[in-house]
Number of protein chains: 2
Amino acid sequence: MAMRNSYTRRVPAPERTSLPAIVAAAGDLLESGGLAAVTMAAVAEKVGVRAPSLYKRVRNRDELLALVAEAAVADLRVRLAGADGAGDACARLDALARALREFARSRPASYGLVFAPDDIRLDRTQLEAAGAPLFEVVAELAGREHALEAARTVTAWATGFISMELNGAFRLGGEVDEAFAYGIRRLASAISQR
Amino acid sequence: MAMRNSYTRRVPAPERTSLPAIVAAAGDLLESGGLAAVTMAAVAEKVGVRAPSLYKRVRNRDELLALVAEAAVADLRVRLAGADGAGDACARLDALARALREFARSRPASYGLVFAPDDIRLDRTQLEAAGAPLFEVVAELAGREHALEAARTVTAWATGFISMELNGAFRLGGEVDEAFAYGIRRLASAISQR
DNA sequence: ACCTGAACACCGTTCAAGT
DNA sequence: ACCTGAACACCGTTCAAGT
């Protein structure tokens, strides 16, 4: 009895994985094999555990996918903050748009999870925080009164362009890079105050 | 023997459903319950048949979803063709953009299937055909040499705006209709020849 | 020639039992 | 306190057997 109690207290729970490891494993599976590859069993195996154990750290698969999306948003936030800085407003806008596109290319499936979620409910506030630098630059170009509409216009164009690119809508007629540059130039002048 | 042969020939196959009925049922389930609701069993029940029978008309679930997307594209094509017509190029562009948005609102899940497919491979040529009126109007505004880039810029903005709207990205700060109008006005002037 | 029940492998998820 | 095997309901898909 005393023996058993002491044993119970001394070996209560060897943690064999962690939430960050689980989210990272799910993200890797997502990028390498798409949403269908993000199986509770596959994630569990990647972190060296059995599927039922995942439910100690995560409510269900949907919540796990939401956490993957959140992690991607956090990454995007860092990238955008790092890309912002030098030059005039036009150059800054260009740099931010390119950083968004590079993020999408480096983690296309995660990008899709964030900007074209299927059922997953994700926290929009983090995404808005990530877009703050863009909002600021756009406000400079369009003026404070039109900052919101202008930012939405630019964001809509950028996310639409990138998801078209990821979906292979640009197969014919190459020069996607040029089309992106053309678009950003046009958008910048379109929202600029006369 | 003779009896059995004659019977076999006279009752060879009472068809209890059809491919169009199956695709329509799948589309209805998609709109009412999302992708997860499009189950082979649920589709089969809707058309009065058992799940295995569906495989007589459809290779698998992915192909069925692709057919749903194709049907949506065909609908979109009709809508865009009908919306095009009167007024100057600017007014026509406005009408086409609004028709796209109304399509998205009437069948949001199908819209997502077409413009933000998960794994489904869908025929891009039909989608390009549906977008022909838009391409034409844009060519008039931007000039033939810049028609392709301009059309891509407008399409990217429109699809990006609409998917943001469907995903609830515009919760705060109302007047989404105004933002759409603002965007289309800005885009039209942005791609117009000076 | 189409339809069906039965079967298979594979999901997500739960839970009692282990340590 | 976490981990596990066993179990459950539910998927997509196949196939031999019916008519």
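Chain letters run A, B, ... following the sequence lines, proteins first and then strands; every chain starts at 1. None of these values were measured; they are calculated from a predicted model.
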- [ ] Give a yes or no on whether the backbone of Thr17(B) and the side-chain of Arg57(B) come within a donor-acceptor separation of less than 3.5 Å.
- [x] yes
- [ ] Could you tell me which non-hydrogen atom of Phe135(B) sits nearest to which non-hydrogen atom of Leu148(B), and how far apart they are?
- [x] CE1-CA, 4.0 Å
TODO: Return each pair, listed once, that meets side-chain hydrogen bond (donor to acceptor under 3.5 Å, both in side chains) where at least one residue sits in residues 61-85 of chain A; pairs must be two or more places apart or across chains.
DONE: Arg59(A)-Glu63(A), Asp75(A)-Arg79(A), Asp75(A)-Arg107(A), Arg79(A)-Ser106(A), Asp84(A)-Arg92(A)
Task: Intra- and interstrand pairs of DNA chain C - dot-bracket, Watson-Crick/G-U under 3.5 Å, | marks other strand - done: ||.|||||...|||||.||
Open item on the list: So which atom in Ala147(A) and which in Val138(A) form the shortest heavy-atom distance, rounded to 0.1 Å?
Closed with: O-CG1, 3.9 Å
Task: Centroid-centroid distance, Phe161(B) to Phe170(B), less than 6.0 Å - done: yes
TODO: Using the side-chain hydrogen bond (donor to acceptor under 3.5 Å, both in side chains) rule, collect all pairs that involve residues 30-52 of chain A, keeping only residues at least two apart or in two chains.
DONE: Glu31(A)-Ser110(A)
Open item on the list: I want to check one thing: is the phosphate of dC3(C), taken as OP1 and OP2, less than 4.0 Å away from some side-chain N or O of Arg57(B)?
Closed with: yes
Task: Fellow cluster residues of Ile22(A), listed by chain then number, with links counted only when side-chain atoms sit under 4.5 Å apart - done: Leu19(A), Val23(A), Leu29(A), Leu30(A), Leu35(A), Val38(A), Met40(A), Val43(A), Val47(A), Val49(A), Leu54(A), Tyr55(A), Val58(A), Leu64(A), Leu65(A), Leu67(A), Val68(A), Leu113(A), Ile120(A)
Task: Under 4.0 Å protein heavy-atom contact, by nucleotide of nucleotides 5-15 of chain D - B base, S sugar-phosphate only - done: BB----SSBBB
Task: Nucleotide nearest Ser53(B) when distance is taken to its side chain, options dC2(C), dC3(C), dT4(D) - done: dC3(C)
Task: Listed partners of Arg101(A) passing salt bridge (charged side-chain N to carboxylate O under 4.0 Å, His left out), at least two apart - done: Glu165(A), Asp177(A)
